[in-house]
Amino acid sequence: MGLGKLLYLQGVGAEFIDCFGNNVQIQPLDRNGILQSMCVNDASTKGASTSDTLNNIAANRSFVSSTLSDEFIQQRIFELDAAPWLLPLHGFQWSYVDDPIVEFHLPEHFTGSIKVEIEIEHGDKFHFPISLGQMRVVGDYGIDGISYLKYQYQLNDDINAPLGLGYHGISATVESASSSETYTGQLMIAPRSAYVHADSKTAKWGLSTQLYSLTSQSQWGIGDFNDLQKLIELAAAKGADFILLNPLHALDLPESASPYSPSDRRRLNPLYIHIESVAEYAAIEGVITSKLWRNKQYQLAQSRLLDYCEIHETKFSIYQMLFNAFIKEHKNNHSKRYLDFACFKQQQGEGLSQYVTHQQQRNSCFTDAEFLCYLQFIAYEQLLQCQAKAKTAGMSLGLIRDMAVGASPTGAEVCANIDNFCTNANIGAPPDPFAPQGQNWGLTPFDPIKLAQHKFEHFIDLIRSNMVSCGGLRIDHVMGLLRLWWWPKQEGLGNGAYVYYPLDTLLAILCLESQRAQCVLIGEDLGIVPPEIVANLAKAKIFSNELFYFAKHHDGFMNPAFYKSHSLMMLANHDVPTLTAWWTAADIELRHQLNLYDNEQQLDEAKSLRLIEKQQLLDLLSQHHLIKANIVMGEVDFEQLMLAWLQLSASGNSALYSIQIDDLIDEVKPINIPGTWKQYPNWCRRLSRTLEQISADSTVNNRLDAINKTRRSRYIDDSGKPEWAVYG
């Protein structure tokens with residue numbers, strides 16, 4: 001009984017519905033293994049260096065192999081279940097702006113009084129007394145024969161505190177005949193929904209890209225913010241509303257190139273800095289334009305794959321020269337630019353310091369902390385310029401950023417904030433037909449209990465930092481707001497389980513930050529999606545995320561009239577084959593070359609299924625008069641197919657629609673093959689054509705014009721009976 005209750009209190013799931021609709025019971029061994037992983041004491045790692053943190057984590061794992069004692073279980077249950085009732089005012093609570101309340105926990109026979117002070121965020125203070133008669137009882141709990149009651153008090157603009165959206169300070173002095181104690185906390189007042197663009201009925205479209213993969217004549221071997229500006233010019237001229245980017249998070253390069261396995265999700269990857277756009281470039285231009293440096297730039301440009309080691313070494317050498325020029329020109333005379341830099345450091349606060357410290361511990365060359373701060377300053381400056389350019393060019397949303405579901409266990413974010421994470425587990429997915437052994441992404445999960453105990457401060461900081469300089473934010477694996485599949489790191493602790501999170505609270509924080517930043521939210525909800533997350537995301541006006549390949553029913557690909565209205569439809573993304581590879585089955589051949597099929601039968605089944613799917617696509621295109629009826633597959637002209645495919649998917653009822661640059665230029669090789677690591681150079685492929693070539697290409701321009709024409713003729717109907725027009 002005690003163990004079962006603790007599993008519940010810690011949020012360790014007992015069952016789930018799989019992709020076939022079957023109810024799967026999670027085995028006791030697996031649940032208990034996750035519980036033990038959660039209950040290891042990580043307190044000794046707080047404030048430690050990266051190496052010390054890793055050593056402590058390894059040492060703590062030896063504890064995990066032992067069974068939790070009955071004494072520990074009972075104590076833990078008391079801490080999570082009973083102890084909160086003994087605290088009159090909790091450290092964090094929240095309510096909606098249209099129904100603001102504050103809660104108190106008091107003994108049943110309490111006869112004293114409560115004096116409340118609310119300090120509005122960045123504003124006034126309000127004082128008022130509360131009597132028991134002014135509150136309503138909404139819960140009770142018995143401890144050692146004493147009944148404790150949960151009271152709710154309705155806040156009102158006229159009689160006490162006119163609260164608006166925000167994080168407000170609250171204190172309560174609880175007075176009885178024998179004592180007087182003051183308790184403090186935070187009261188978050190949240191909206192019920194995320195920010196929605198004023199022109200929400202207009203069908204919007206945009207381009208999606210992996211920024212690092214862009215190639216141009218001016219870059220240093222990797223796509224940068226100047227390339228992004230060029231892409232903005234191209235997209236805006238064609239009528240696009242947004243550019244959807246990969247996560248721009250700071251990485252621990254060259255060890256991890258995946259933007260979805262970051263070191264710190266709150267910081268930007270400095271390799272995206274465009275050197276020639278930095279204000280201090282004029283001071284070093286004579287050096288950089290020398291034959292030596294131009295040869296290095298040329299050599300980097302020739303590679304079809306990103307050489308992160310060489311790029312990092314080259315660009316950071318130039319960054320050091322830029323920083324030296326900055327210090328020489330601006331620090332000594334305290335120029336406006338230096339004061340802006342100082343202000344940036346102050347605004348970024350502890351998060352920036354954590355990242356800098358981690359970088360210095362990893363690389364002894366980074367002796368000057370100011371240098372690393374300077375790179376973040378420049379990166380944020382250039383990203384801001386990109387969003388400003390997009391809005392000036394007429395894009396309704398501009399940039400849409402992407403936020404990874406977790407962070408590297410050895411990265412800055414986890415190591416510096418160990419009290420918010422469970423370092424003895426990894427995020428992943430349970431076994432399914434796509435990955436029979438399950439998926440382990442090697443990312444460290446938030447601990448839901450620790451997150452709440454720390455007033456969700458790190459989550460708030462994380463969300464806020466990812467809404468900078470953008471009009472939208474895509475949240476990878478948004479189901480993580482409700483639950484995440486955890487794999488224990490320690491052998492012998494089972495095969496993982498779902499761990500549940502405080503969905504309502506996390507959604508409230510997201511909606512508040514979204515409204516403040518005027519940033520629309522997109523939840524990547526591909527895969528096994530629990531009904532609870534679907535309903536709650538819709539209620540919060542967070543866009544769903546659909547993928548053409550997966551938008552199917554029993555007869556084949558879905559009629560675009562029935563795409564979800566409040567969604568982003570992606571024709572393809574980084575985890576699936578490009579359109580060209582899919583049509584030619586080049587992706588199947590590549591997987592065969594990489595030995596990703598267990599046997600010839602699997603290979604043959606994949607080929608057969610692809611033929612069926614291709615015919616289903618042709619049938620759907622024919623039904624909507626986008627290609628001629630009964631066309632033989634072998635006679636299909638690929639360019640006609642592409643135009644029809646683009647028109648079909650763009651004509652759907654989704655409010656947002658995106659196409660990859662990769663698909664506009666008929667790339668064949670994928671940017672990433674899920675489930676591979678050593679077999680394929682994931683996250684390293686550069687585009688085969690430069691932005692200059694793409695802009696001048698008539699085929700690309702025709703495709704973009706077709707998309708824009710189709711989207712501009714759409715009106716998004718969310719009544720449940722979407723409009724449908726046939727485009728011929």
Side-chain angles (χ1 to χ4, degrees), residues 202-209 231-244 393-397 400 546-549 551 557-563 567-573 576-584 614 616-629 631 635-668 687 689 691 693-716 722-728:
T202 301
K204 298 176 175 59
W205 71 277
L207 304 179
S208 57
T209 189
L231 186 59
I232 288 168
E233 291 175 0
L234 168 63
K238 289 298 179 181
D241 299 285
F242 61 85
I243 303 283
L244 173 60
M395 286 186 163
S396 57
L397 291 175
I400 297 180
E546 295 196 285
L547 191 62
F548 180 85
Y549 292 135
F557 292 104
M558 184 184 297
N559 187 318
F562 299 103
Y563 293 166
S567 72
L568 164 67
M569 167 55 73
M570 304 174 77
L571 192 49
N573 69 9
V576 297
T578 64
L579 302 185
T580 303
W582 187 88
W583 181 256
T584 61
K614 287 169 65 175
Q616 290 172 341
L617 174 61
L618 293 179
D619 291 344
L620 186 58
L621 294 173
S622 175
Q623 290 169 22
H624 296 290
H625 310 294
L626 293 168
I627 60 172
K628 64 183 181 181
I631 190 170
E635 297 177 358
V636 175
D637 176 80
F638 185 72
E639 184 52 29
Q640 290 181 353
L641 172 72
M642 278 295 294
L643 283 172
W645 203 345
L646 294 174
Q647 287 176 299
L648 176 81
S649 53
S651 67
N653 194 52
S654 59
L656 304 175
Y657 170 84
S658 74
I659 180 171
Q660 295 184 118
I661 298 292
D662 308 59
D663 294 315
L664 284 175
I665 64 173
D666 300 331
E667 291 286 2
V668 177
L687 293 182
R689 304 172 68 187
L691 285 168
Q693 292 170 332
I694 293 171
S695 297
D697 188 284
S698 59
T699 299
V700 170
N701 280 280
N702 287 339
R703 292 176 178 180
L704 291 174
D705 288 339
I707 293 171
N708 189 55
K709 181 181 178 181
T710 305
R711 291 302 283 172
R712 294 308 169 210
S713 64
R714 296 293 297 131
Y715 174 83
I716 301 305
E723 297 177 350
W724 174 251
V726 173
Y727 301 95

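The residues of the chain are indexed from 1 along the displayed sequence.
Judged by distance alone, the side chain of S622 and the main-chain N or O of L618 form no donor-acceptor pair under 3.5 Å.
Atom CG of N573 is separated from atom CD1 of I659 by 13.0 Å, given to the nearest 0.5 angstrom. Rounding to the nearest 0.5 Å gives a distance of 10.5 Å between CG of L626 and CG of L646. The CG atom of L231 lies 4.0 Å from the CD1 atom of I243; values are rounded to the nearest 0.5 Å. Rounding to the nearest 0.5 angstrom, the gap separating the NZ atom in K204 from the OG atom in S396 is 4.5 Å. Between atom CZ of residue F638 and atom OG1 of residue T580 there is a gap of 3.5 Å, rounded to the nearest 0.5 Å. The CG atom of L234 sits 6.0 Å away from the CG atom of L704 when rounded to the nearest 0.5 Å.
Using the six-membered ring where Trp is involved, F557 and F548 have ring planes that are parallel, under 30° apart on the 30 and 60° scheme.
The nearest pair of heavy atoms linking A572 to L579 is CB-CD2, 4.3 Å. Considering every non-hydrogen atom in both P560 and H624, the closest pair reads CD-NE2, 4.4 Å. The shortest non-hydrogen separation linking A706 to Q647 is CB-CG, 4.3 Å. Scanning all heavy atoms of the two residues, the minimum distance from R714 to S651 falls at NE-O, 2.7 Å. The minimum heavy-atom distance linking E546 with S567 is given by the pair OE1-OG, 3.6 Å. In terms of heavy-atom proximity, D241 sits nearest to A203 at OD2-O, 4.3 Å.
Residues meeting the side chain to side chain contact (heavy atoms under 4.5 Å, CB included) test with S658, sequence neighbours left out: S208, F242, L244, L568, M570. Shown here are the side chain to side chain donor-acceptor pair (under 3.5 Å) partners of T699, two or more places apart in sequence or in another chain: there are none. For W205, the side chain to side chain donor-acceptor pair (under 3.5 Å) partners are N708, not counting sequence neighbours. Every residue meeting the side chain to side chain contact (heavy atoms under 4.5 Å, CB included) condition with A650, not counting sequence neighbours, appears here in chain and number order: Y657, I707, T710, R711. Residues that satisfy the salt bridge (charged side-chain N to carboxylate O under 4.0 Å, His left out) test with R703, not counting sequence neighbours, are E639, D666. In this structure, the side chain to side chain contact (heavy atoms under 4.5 Å, CB included) partners of A581, at least two apart in sequence or on a different chain, are P577, T578, A586, D587, V668. Listed by chain and number, the residues in a side chain to side chain donor-acceptor pair (under 3.5 Å) with D662 are R685 (sequence neighbours excluded). The salt bridge (charged side-chain N to carboxylate O under 4.0 Å, His left out) search around D705 returns K238, not counting sequence neighbours. Every residue two or more places apart in sequence or in another chain that forms a salt bridge (charged side-chain N to carboxylate O under 4.0 Å, His left out) with D697 is listed here: R689. With sequence neighbours left out, E233 forms a side chain to side chain donor-acceptor pair (under 3.5 Å) with K389. With sequence neighbours left out, N702 forms a side chain to side chain contact (heavy atoms under 4.5 Å, CB included) with no residue at all.
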Problem set entry | Audit row: L620, Q623, side-chain contact (heavy atoms from CB on, under 4.5 Å) steps and yes/no | CA-CA 5 Å; L620 186 58; Q623 290 169 22; 3.8 Å; yes
Exercise. Can you check side-chain contact (heavy atoms from CB on, under 4.5 Å) on L397 and L656, steps first, answer last?
Worked result: CA-CA 11 Å; L397 291 175; L656 304 175; 4.1 Å; yes
For this session: Decide yes or no on side-chain contact (heavy atoms from CB on, under 4.5 Å) for W645 and D663, but give the supporting numbers first.
Result: CA-CA 11 Å; W645 203 345; D663 294 315; over 6 Å; no
For this session: Report the C-alpha separation of I661 and I694 in whole Å, then their side-chain angles, then the decisive distance to 0.1 Å, and conclude whether the side-chain contact (heavy atoms from CB on, under 4.5 Å) test is met.
Result: CA-CA 9 Å; I661 298 292; I694 293 171; 4.0 Å; yes
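Listed by first then second residue, pairs satisfying salt bridge (charged side-chain N to carboxylate O under 4.0 Å, His left out) with a partner in residues 648-660 number zero, not counting sequence neighbours.
You'll find the side chain of N653 stays beyond 4.5 Å of the side chain of M569, heavy atoms only. Between I627 and V636, every side-chain heavy-atom pair lies at or beyond the 4.5 Å cut-off.
A salt bridge does not link K628 with D637: none of the charged nitrogens is closer than 4.0 Å to a carboxylate oxygen.
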